[in-house]
Amino acid sequence: MLKDRGVVPVEYGEGAAERIRQAAGGNVDAFIDTFGDGYVDLAVELGVRPERINTIRDWQTAARVGARTYGEGSAACAVVLGELARLAASGELEVPIARTYPLERVRDAFRELERGHTHGKIVLRP
């Protein structure tokens with residue numbers, strides 16, 4: 001899925017910093033952490049300036065190093081949401097749906113999210 005979108009996947013674990021540098025061709029300019037567990041520190045190790053690091057999970061480390069935490073809805077204003085809707089309607093923004101669940105199966109939906117590596121969004125239906 002990632003390769004089809006021009007992304008170079010990099011394996012997690014020991015040596016990830018070097019693999020990321022190699023995939024990036026040397027320098028890493030920005031870093032988005034959607035997982036937590038040491039990735040803000042990894043971004044700092046890679047030489048990314050704190051204002052170019054954003055995490056939606058590791059607020060404590062972000063506060064320590066001066067990184068951003070813009071994943072909690074701070075950009076969910078009418079202008080941004082309108083632009084996202086326009087991009088989705090025109091086909092310029094893809095929002096892959098991994099799976100839908102009826103609302104009464106919300107626990108199953110959360111269990112799937114907890115396993116990680118979901119390829120798309122989980123949608124709850126009323």
Side-chain angles (χ1 to χ4, degrees):
M1 180 177 116
L2 294 174
K3 288 179 184 177
D4 290 344
R5 288 155 181 81
V7 175
V8 178
V10 176
E11 187 178 335
Y12 297 105
E14 187 72 32
E18 187 51 41
R19 288 190 295 278
I20 291 170
R21 281 190 192 95
Q22 185 176 10
N27 293 331
V28 178
D29 298 320
F31 198 101
I32 299 173
D33 167 34
T34 61
F35 194 73
D37 199 23
Y39 286 96
V40 171
D41 285 327
L42 174 61
V44 171
E45 178 186 339
L46 289 166
V48 180
R49 294 189 331 264
E51 66 272 14
R52 302 279 295 161
I53 302 169
N54 190 7
T55 182
I56 64 169
R57 298 286 305 264
D58 193 352
W59 300 281
Q60 187 174 20
T61 305
R64 178 175 46 82
V65 303
R68 297 172 184 232
T69 57
Y70 290 159
E72 66 282 337
S74 61
C77 65
V79 172
V80 171
L81 293 175
E83 177 65 7
L84 291 173
R86 185 194 68 74
L87 291 168
S90 71
E92 296 175 72
L93 174 66
E94 178 186 5
V95 183
I97 306 299
R99 188 152 180 206
T100 60
Y101 289 90
L103 188 55
E104 62 268 12
R105 291 190 51 213
V106 67
R107 288 186 178 133
D108 294 333
F110 273 98
R111 277 193 275 280
E112 182 171 340
L113 285 173
E114 287 173 342
R115 287 194 298 269
H117 299 286
T118 304
H119 293 159
K121 298 296 181 186
I122 300 293
V123 177
L124 293 173
R125 295 185 324 267

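- Nearest approach of Ala109 to Leu124, heavy atoms of both residues: CB-CD2, 3.9 Å.
- Ionic pairing of Glu114 and Arg111 is not present here: no N-O contact between side-chain nitrogen and carboxylate oxygen is shorter than 4.0 angstrom.
- Both Leu87 and Val95 are part of a single hydrophobic cluster, where members link through side-chain heavy atoms under 4.5 Å apart.
- Taking CD1 of Ile20 as the reference point, atom CD of Glu11 lies at 11.5 Å (rounded to 0.5 Å).
- Contact detail for Asp29 and Val48: the closest heavy-atom pair is O-CG1, 3.8 Å.
- By the criterion of side-chain heavy atoms lying less than 4.5 angstrom apart, applied directly or through intervening Ile, Leu, Val, Met, Phe, Trp or Tyr residues, Leu93 is grouped together with Val80 in one hydrophobic cluster.
- Salt bridge Arg64/Asp41: present, at least one basic N to carboxylate O contact under 4.0 Å.
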| task | Please test Thr61 against Thr55 for side-chain contact (heavy atoms from CB on, under 4.5 Å), starting from the C-alpha separation and ending with a verdict. | result | CA-CA 9 Å; Thr61 305; Thr55 182; over 6 Å; no
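- The number of heavy atoms from other shown groups lying within 6.0 Å of CD (Glu51) is above 12.
- Atom CD of Glu14 sits in a sparse spot, with 12 or fewer heavy atoms from other residues, nucleotides or ligands closer than 6.0 Å.
- Residues Leu46 and Val40 share a hydrophobic cluster, clusters being chains of Ile/Leu/Val/Met/Phe/Trp/Tyr side chains in contact below 4.5 Å.
- Atom CD of Glu83 is surrounded by more than 12 heavy atoms from other residues, nucleotides or ligands within 6.0 Å.
- The shortest non-hydrogen separation linking Ala98 to Thr118 is CB-CG2, 3.4 Å.
- Atom OG1 of Thr69 is separated from atom CZ of Arg57 by 14.0 Å, given to the nearest 0.5 angstrom.
- Within 6.0 Å of atom CD1 in Ile32, 12 or fewer heavy atoms from other residues, nucleotides or ligands are found, so the atom counts as exposed in its surroundings.
- For the pair Pro50 and Gly66, the tightest heavy-atom approach, listed with the atom from each and the gap, is CB-O, 3.5 Å.
- Among all heavy-atom pairs drawn from Arg68 and Asn54, the shortest one is O-OD1, 3.1 Å.
- Heavy atoms only, all atoms of each residue included: Ala24 and Asn27 are closest at CB-O, 3.5 Å.
- Phe31 and Val8 fall into different hydrophobic clusters, where Ile, Leu, Val, Met, Phe, Trp and Tyr side chains are chained together by heavy-atom contacts under 4.5 Å.
- Under the side chain to side chain contact (heavy atoms under 4.5 Å, CB included) criterion, Arg99 pairs with Tyr101, Arg105, Glu112, Ile122, not counting sequence neighbours.
- By the 6.0 Å contact criterion, CZ on Arg5 is enclosed, its count of non-hydrogen atoms from other residues, nucleotides or ligands being greater than 12.
- Both Leu42 and Val10 are assigned to one and the same hydrophobic cluster, defined by single-linkage of ILVMFWY side chains at heavy-atom distances under 4.5 Å.
- Tyr39 and Tyr12 have perpendicular rings, their planes meeting at more than 60° on a 0 to 90° scale where under 30° would count as parallel.
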| request: Begin from the C-alpha positions of Ile53 and Asp33 and carry the test side-chain contact (heavy atoms from CB on, under 4.5 Å) through to its verdict. | output: CA-CA 8 Å; Ile53 302 169; Asp33 167 34; 5.8 Å; no
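- Here the CD atom belonging to Glu18 is positioned 9.5 Å from the CD atom belonging to Glu45, to the nearest 0.5 angstrom.
- Enclosure of atom CZ in Arg19 by more than 12 non-hydrogen atoms of other residues, nucleotides or ligands within 6.0 angstrom is indicated.
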